[in-house]
Amino acid sequence: MLFKLIAGAATAMTLMSGVAFAQSSTVNGAAGGAITGAIVGGPAGAAIGGVAGAVVGTAIDPPPQKVVTYVREAPAPSARVVVKEKVVVGQPLPETVVVTPVPDDPKYAYAVINDERVIVEPSSRKVIQVIK
């Protein structure tokens, strides 16, 4: 009995890790987690897997180091940009903020706000990383 429990847990962890790395959004994370949970643990596993997958699916992958280096070393705009809202990872920038594409990697853009450099996803304007 103990062997079956350990084998089941090991299988669940293996399947969940593969699903976790493949997630790209909360919806995909919840669906993938629910499927994996259902395979491993039946209906209860589906519920738990769905919640775990949704949490994993919301994680934002950090940009490559060459993008971080480029944004850190890029010249700041001549006009200082100040916003009242706090810049938060995962939240979009206000429409008034101009974002500049990263030349070598069009998946990323950046802005300098309140004297902080931020890397954003250009299509959604969502903050990926704040460079300190």
Side-chain donor/acceptor pairs under 3.5 Å, residues 78-104, sequence neighbours excluded:
{"from": "Arg80", "atom 1": "NE", "to": "Asp115", "atom 2": "OD1", "distance (Å)": "3.2"}
{"from": "Arg80", "atom 1": "NE", "to": "Asp115", "atom 2": "OD2", "distance (Å)": "3.1"}
{"from": "Arg80", "atom 1": "NH2", "to": "Asp115", "atom 2": "OD2", "distance (Å)": "2.7"}

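The distance from the OH atom of Tyr110 to the OH atom of Tyr70 is 4.5 Å, given to the nearest 0.5 Å.
Under a hydrophobic clustering in which Ile, Leu, Val, Met, Phe, Trp and Tyr are joined whenever their side-chain heavy atoms come within less than 4.5 Å, directly or via other members, Val67 and Val112 fall into different clusters.
Pairs of residues two or more places apart, or lying in two chains, never qualify as salt bridge (charged side-chain N to carboxylate O under 4.0 Å, His left out) while including a residue from residues 62-76. Screening residues 120-131 for side-chain hydrogen bond (donor to acceptor under 3.5 Å, both in side chains), with sequence neighbours left out, gives Glu121-Ser124.
Looking at Val120 and Tyr108, their side chains never come closer than 4.5 Å, going by heavy atoms from C-beta outward. The shortest distance between side-chain heavy atoms of Ile131 and Val118 does not fall below 4.5 Å.
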